[in-house]
Amino acid sequence: MTVGLNAFILVAGLLFAIGLLGVILRKNTLIIYMSLELMLNAVNLALVAFSRYNGTMDGNLFVFFIITVAAAEVALGLAIIVALFRLRQTVMVDQLTALSR
Amino acid sequence: MNKLLIEFLSGYTATNQWAAILPEIMMGVLALCLLAAEMVLPKNRQAWVPRLAIWGQVLILMIAFGFVGRCSIGEFQYFSGLITQTDVTQIMRGFFLVSSIAVCYLGHIYLSKQTLPQTEFYALVLIISAGMMLLVQSTHFVMLFVALETVTVAFYVLVAYSRTSQFSLEAGLKYLILGALSSGILLFGIVLLYGIAGNPELLGASRDSLNYGELMNFVILNMNNMIVKIGALLVIAGVCFKIGAVPFQIWVPDVYQGAPTPVTAYLAVASKAAGFIVLIELVRGPFFGLQDFLVPVLSVIAAATILFGNIAAVAQRNVKRLMGLSGIAHAGYLLLGVIAVMRGVDWAVYAVIFYLVTYLLASFAVFGVMSIAAGEEDANQELDHYESFARKRPFLGGVLACGLGSLAGIPPLGGFIGKLFLFVAAFQAELYGLLIIAIVGVVISIYYYFGWIRECYFSSSSTAVVKDISCGATSSDRFLLGALTVASIVIGILPAALPIIR
């Protein structure tokens with residue numbers, strides 16, 4: 001039995017939705033971060049699936065660019081979170097309100 | 001030597017197109033040179049780094065425009081469709097170079113008041129500038145994504161640059177989360193379009209479905225496909241995040257306030273400009289067939305953006321947030337131009353660029369004054385600090401008044417002509433409802449811009465000892481700010497002075 005394209009796209013869509021909800025609902029910056037990664041990986045999954053079923057290589061190639069960019073973003077994000085934690089002793093978004101006046 | 005390798009190399013050099021992106025490569029090399037110069041130069045010669053950055057960019061500007069001699073270069077595709085150079089991208093090259101030169105100068109003013117590492121700031125500014133030049137040239141979604149992320153990731157660092165200030169770090173974190181979110185949404189849209197346009201069972205399917213041209217043909221044939229529409233909406237939403245349009249504007253006031261003032265200026269001017277050119281290229285290219293669907297969507301966004309930006313700015317006392325919120329309103333006016341382009345008014349592209357140029361001149365004048373007037377903590381710049389500012393610093397007060405007047409759109413200044421062109425374009429595109437909303441927005445904006453000018457000129461604070469905000473302007477500050485103001489006035493009186501009007 002082979003798994004159809006629709007199944008892949010469904011899973012990718014679900015992962016993307018879980019990630020999006022996580023970013024919107026969760027309060028801990030680190031978990032928001034993981035949710036963002038989940039969204040990017042949903043995109044990767046969909047790309048690979050489309051690439052396989054359409055018979056083109058562009059999608060597979062694009063995935064590598066996305067992985068690289070995601071790595072750069074995470075490195076930067078963790079650096080900012082660590083610097084902020086040293087200054088404020090918290091990573092919860094509802095306590096980071098110095099700017100919202 | 002391997003014969004295959006030689007064949008490969010000769011084939012490669014036969015299609016050598018790297019000269020097409022020479023200015024971008026030179027920007028990258030200059031950025032690396034700055035980092036090297038910091039190591040080589042002795043401690044007491046470190047002041048050469050900003051000079052090298054600024055004069056290096058002036059040289060690149062001369063080379064970029066010396067090659068072609070004028071702003072129009074025709075249309076060429078390079079790297080098998082990854083980038084396409086047109087007149088618009090050539091003009092934008094100049095635009096980004098001028099704005100990064102100005103940002104380097106403002107950065108020099110800002111960094112002289114802080115104890116922060118210097119060189120990386122200039123290097124990142126140059127890399128962002130090169131990234132934005134490639135971003136507006138890209139006609140392939142992979143290229144678009146990579147250029148966009150180069151710009152965005154470097155911006156994360158710049159926004160959080162002042163790492164001893166909780167405001168800057170918090171702004172950096174907020175920009176990072178929402179920027180990454182918008183990239184994710186953009187990517188999901190791209191993937192849907194890639195998948196559906198490459199599906200061999202559909203009419204007009206393409207093997208190269210990430211390319212704008214191929215996608216445009218596919219979308220015209222399948223304009224009622226649900227997945228095409230969702231993909232296009234997600235891509236547009238991702239771009240709207242970057243330009244700060246409602247409902248994706250939540251990051252703008254916070255990030256503009258927390259970021260160092262030169263970075264705020266860079267975000268407000270160059271990042272927004274790049275977003276708009278990308279948006280125009282998308283709606284003229286791949287999404288050309290979706291006009292009937294996208295025009296109402298963008299019209300609602302434009303109306304909401306204009307009203308939200310202006311109404312929220314009225315009650316604002318922090319000048320950096322004020323500039324951010326009014327920047328949202330300016331994005332709304334520019335969306336008017338984009339919608340006009342979609343409705344077939346082709347010259348509206350030049351109206352948008354003209355508006356961006358006047359916005360650049362006026363914004364950098366205002367942000368320049370703010371950089372000079374800022375104290376040690378750069379996020380807290382309240383309107384009250386500008387009490388009788390013009391009496392203490394007549395020159396800076398005058399520059400500020402001209403810049404704000406141009407942003408508000410007062411007749412002898414450039415901003416007025418920019419708004420006029422945009423509104424005429426919108427009129428020709430028969431967008432009467434939006435036009436009324438835009439004019440209401442302009443009237444509101446005059447109120448808060450003039451509130452700031454009034455604070456400078458007519459505040460009656462004889463008793464209050466206004467704390468002396470900083471040292472005055474040096475002669476080179478005066479030169480830069482004076483040049484920006486004069487350019488604003490000249491463009492306002494003589495719009496044809498700008499070579500893009502033909």
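The chains referred to below are lettered A, B, ... by the order of the sequence lines, with proteins before strands, and numbering in each begins at 1. All values reported here derive from a predicted model rather than from experimental measurement.
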So, the part of A:Val43 with a heavy atom under 4.5 Å from chain B: the answer is both
Problem set entry | Side chain to side chain, B:Tyr448 and B:Leu322, heavy atoms closer than 4.5 Å | yes
So CZ of B:Phe248 and CG of B:Leu181: to nearest 0.5 Å the spacing works out to 9.5 Å
Interatomic distance, OG1@B:Thr152 vs NZ@B:Lys242, rounded to 0.5 Å, equals 4.0 Å
Is the closest side-chain donor-acceptor distance between [X] and [Y] under 3.5 Å?
| X | Y | value |
| --- | --- | --- |
| B:Thr84 | B:Thr139 | yes |
| B:Ser209 | B:Glu214 | no |
| B:Gln381 | B:Gln257 | no |

Of the listed B:Leu173, B:Val153, B:Leu210, B:Thr150, the one with the largest count of heavy-atom pairs under 4.5 Å with chain A is B:Leu173
Max heavy-atom pairs within cutoff under 4.5 Å with chain A, candidates B:Gly198, B:Ala171, B:Ser183, goes to B:Gly198
Measuring heavy-atom distances to chain A, does [X] have an atom under 4.5 Å in its side chain, in its backbone, in both, or in neither?
| X | result |
| --- | --- |
| B:Ala160 | side chain |
| B:Ile185 | both |
| B:Ala205 | neither |
| B:Val191 | both |
| B:Tyr194 | both |
| B:Ser165 | backbone |

- Ring centres of B:Phe141 and A:Phe62 under 6.0 Å apart? no
Item to check | Ring centers of B:Tyr156, B:Tyr175 separated by less than 6.0 Å | outcome: yes
Check your understanding: When the ring planes of A:Phe16 and B:Phe188 are compared, do they come out parallel, tilted or perpendicular, using 30° and 60° as the limits?
Key -> parallel
Listed by number, the residues in residues 24-34 of chain A that come under 4.5 Å of chain B (heavy atom to heavy atom) are A:Thr29, A:Ile32, A:Tyr33
